[in-house]
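Heads up, the thing below is written out as structure tokens.
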Amino acid sequence: MAVIDSNRTWELVEERLAVTTNERHRVVLSVVLEHMKAEAVPDLDRLMETLCPTPDYHFWNNGQDVGPKTTEGVRAYYAAFVESRSNILEYELDRLIVDDHCLVTEGYLKQIYPGSYAAQLGFPVDDESADYLIVFRQLLLWPVDENGKIEGEDSYASGPVSITKLSFDELPQAYIDLVHAPAS
């Protein structure tokens with residue numbers, strides 16, 4: 001089995017959407033689903049289309065909010081995320097709560113990082129030329145405005161639960177194509 005299956009990221013959201021009859025809840029679920037799928041492609045313009053005009057992200061690390069603010073700040077954050085080549089991820093949800101104004105998701109966020117980028121972020125890796133599966137426990141609040149656009153993300157993460165060096169044959173093809181493709 002692949003160590004990352006991006007489709008699992010939105011599995012629970014799709015399941016809930018399929019049985020939800022409340023129209024406002026369907027709006028909230030649908031915009032987050034679209035956001036998740038745009039992030040997986042990644043399609044920066046499609047991703048930004050899911051957001052309100054003035055998104056405000058809160059990423060809580062060690063008591064500090066380090067999330068990007070404003071449309072320009074969020075766009076720059078996502079552009080850097082794609083550039084980092086760490087966008088092959090799976091957010092394995094085990095809890096989802098929806099109301100008229102917010103979707104709450106909780107689960108394990110699994111990402112593959114090039115060793116050099118993981119080291120740059122301060123993760124304890126022993127080989128910067130290797131690739132690492134880094135797993136976090138994460139809770140996300142996805143507030144949605146009256147127009148059905150995401151206002152931001154409020155993220156609470158545990159810090160790494162595990163850091164595992166991967167062999168080449170454990171890497172998903174999408175990651176190999178992104179990170180290890182021969183230069184043209």
Side-chain angles (χ1 to χ4, degrees), residues 4-10 13 27-93 96 101-125 128 131-161 163 172 174-175 177-179:
I4 294 281
D5 180 353
S6 296
N7 293 313
R8 280 186 246 162
T9 300
W10 49 81
V13 178
V27 167
V28 172
L29 289 162
S30 294
V31 72
V32 172
L33 176 63
E34 174 63 12
H35 185 88
M36 289 172 159
K37 288 185 174 186
E39 190 173 70
V41 174
D43 183 328
L44 185 57
D45 290 332
R46 181 177 161 196
L47 186 64
M48 295 303 294
E49 274 296 309
T50 66
L51 303 177
C52 75
T54 55
D56 191 17
Y57 279 47
H58 303 277
F59 298 158
W60 294 100
N61 294 328
N62 297 321
Q64 302 295 313
D65 174 12
V66 296
K69 314 292 185 236
T70 74
T71 301
E72 295 78 23
V74 172
R75 179 178 284 280
Y77 162 77
Y78 280 118
F81 175 67
V82 171
E83 179 67 25
S84 75
R85 300 177 303 164
S86 64
N87 61 304
I88 304 298
L89 62 87
E90 173 186 331
Y91 185 22
E92 183 183 0
L93 301 179
L96 179 151
H101 309 286
C102 190
L103 178 65
V104 178
T105 56
E106 182 181 11
Y108 287 98
L109 178 63
K110 305 171 184 179
Q111 281 181 271
I112 301 177
Y113 289 82
S116 58
Y117 185 61
Q120 179 185 334
L121 294 175
F123 294 118
V125 298
E128 290 192 19
D131 302 285
Y132 291 84
L133 176 65
I134 303 180
V135 179
F136 297 86
R137 183 75 182 167
Q138 183 170 40
L139 181 124
L140 271 175
L141 291 91
W142 309 77
V144 176
D145 72 11
E146 65 279 355
N147 298 313
K149 298 291 185 176
I150 298 170
E151 295 177 307
E153 295 179 17
D154 291 346
S155 171
Y156 301 85
S158 66
V161 172
I163 299 174
Y175 182 84
D177 294 344
L178 180 66
V179 176

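One-based numbering along the sequence shown. Just so it is clear, the structure is predicted and the values come from calculations on it, not from any experiment.
Within the model, atoms CG of Leu140 and CG of Leu109 stand 8.0 Å from one another, a figure rounded to the nearest 0.5 Å. Annotation: the span from Ile88 atom CD1 to Leu178 atom CG amounts to 5.5 Å, rounded to 0.5 Å. Considering CG of Asp145 and NE2 of His101, their distance stands at 11.0 Å, rounded to 0.5 Å. Note that OG of Ser158 is 8.5 Å distant from CD of Gln138, once rounded to the nearest 0.5 Å. Note: His58 NE2 to Gln64 CD = 13.5 Å, rounded to the nearest 0.5 Å. Atom CG in Leu141 sits 12.5 Å away from atom CD1 in Ile150 (nearest 0.5 Å).
With sequence neighbours excluded, no residue satisfies side-chain hydrogen bond (donor to acceptor under 3.5 Å, both in side chains) with Thr9. Here Gln111 pairs with Tyr113 under the side-chain hydrogen bond (donor to acceptor under 3.5 Å, both in side chains) rule; sequence neighbours left out. For Ser6, the side-chain hydrogen bond (donor to acceptor under 3.5 Å, both in side chains) test picks out no residue, with sequence neighbours left out.
The shortest side-chain heavy-atom distance between Pro55 and Thr71 falls under the 4.5 Å cut-off. Counting heavy atoms from C-beta outward, Tyr175 and Pro114 have side chains that approach closer than 4.5 Å. Residues Pro42 and Leu47 form no side-chain contact, since every pair of their non-hydrogen atoms from C-beta on lies 4.5 Å or further apart.
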For Leu89 and Phe81, run side chain to side chain contact (heavy atoms under 4.5 Å, CB included): C-alpha distance rounded to whole Å, both residues' side-chain angles, the deciding distance at 0.1 Å, then the answer. CA-CA 12 Å; Leu89 62 87; Phe81 175 67; 3.6 Å; yes

Hey, mind stepping through Val13 and Leu93 against side chain to side chain contact (heavy atoms under 4.5 Å, CB included) and telling me if it holds? CA-CA 9 Å; Val13 178; Leu93 301 179; 4.0 Å; yes

Output, in order, the C-alpha distance, side-chain angles, deciding distance and verdict of side chain to side chain contact (heavy atoms under 4.5 Å, CB included) for Leu139 and Trp60. CA-CA 11 Å; Leu139 181 124; Trp60 294 100; over 6 Å; no

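Screening Leu29, Leu103, Val31 for a side chain to side chain contact (heavy atoms under 4.5 Å, CB included) with Trp142, the sole residue that qualifies is Leu103.
Salt-bridge formation is detected for the pair Lys110/Glu90: a Lys NZ or Arg NE/NH1/NH2 atom is positioned less than 4.0 Å from an Asp or Glu carboxylate oxygen.
Note on ring orientation: taking the six-membered ring where Trp is involved, the planes of Tyr57 and Phe59 are perpendicular (angle over 60°, cut-offs 30° and 60°).
Listed here is the closest heavy atom pair of Ala119 and Val125: CB-CG2, 3.9 Å. The shortest heavy-atom contact between Gly152 and Pro143 is O-CD, 3.4 Å. Nearest approach of Val27 to Gly148, heavy atoms of both residues: CG1-CA, 3.7 Å.
Under the salt bridge (Lys or Arg N to Asp or Glu O under 4.0 Å) criterion, no residue pair touches residues 148-161, with sequence neighbours excluded. Listed by first then second residue, pairs satisfying salt bridge (Lys or Arg N to Asp or Glu O under 4.0 Å) with a partner in residues 42-66 read Glu34-Arg46, Asp45-Arg75, Asp56-Lys69, Asp65-Lys69, not counting sequence neighbours. Among pairs with a residue in residues 131-143, those fulfilling salt bridge (Lys or Arg N to Asp or Glu O under 4.0 Å) read Asp94-Arg137, Glu106-Arg137, at least two apart in sequence or across chains.
With hydrogens and angles ignored, the 3.5 Å screen pairs a side-chain donor or acceptor of Tyr91 with a backbone N or O of Thr105.
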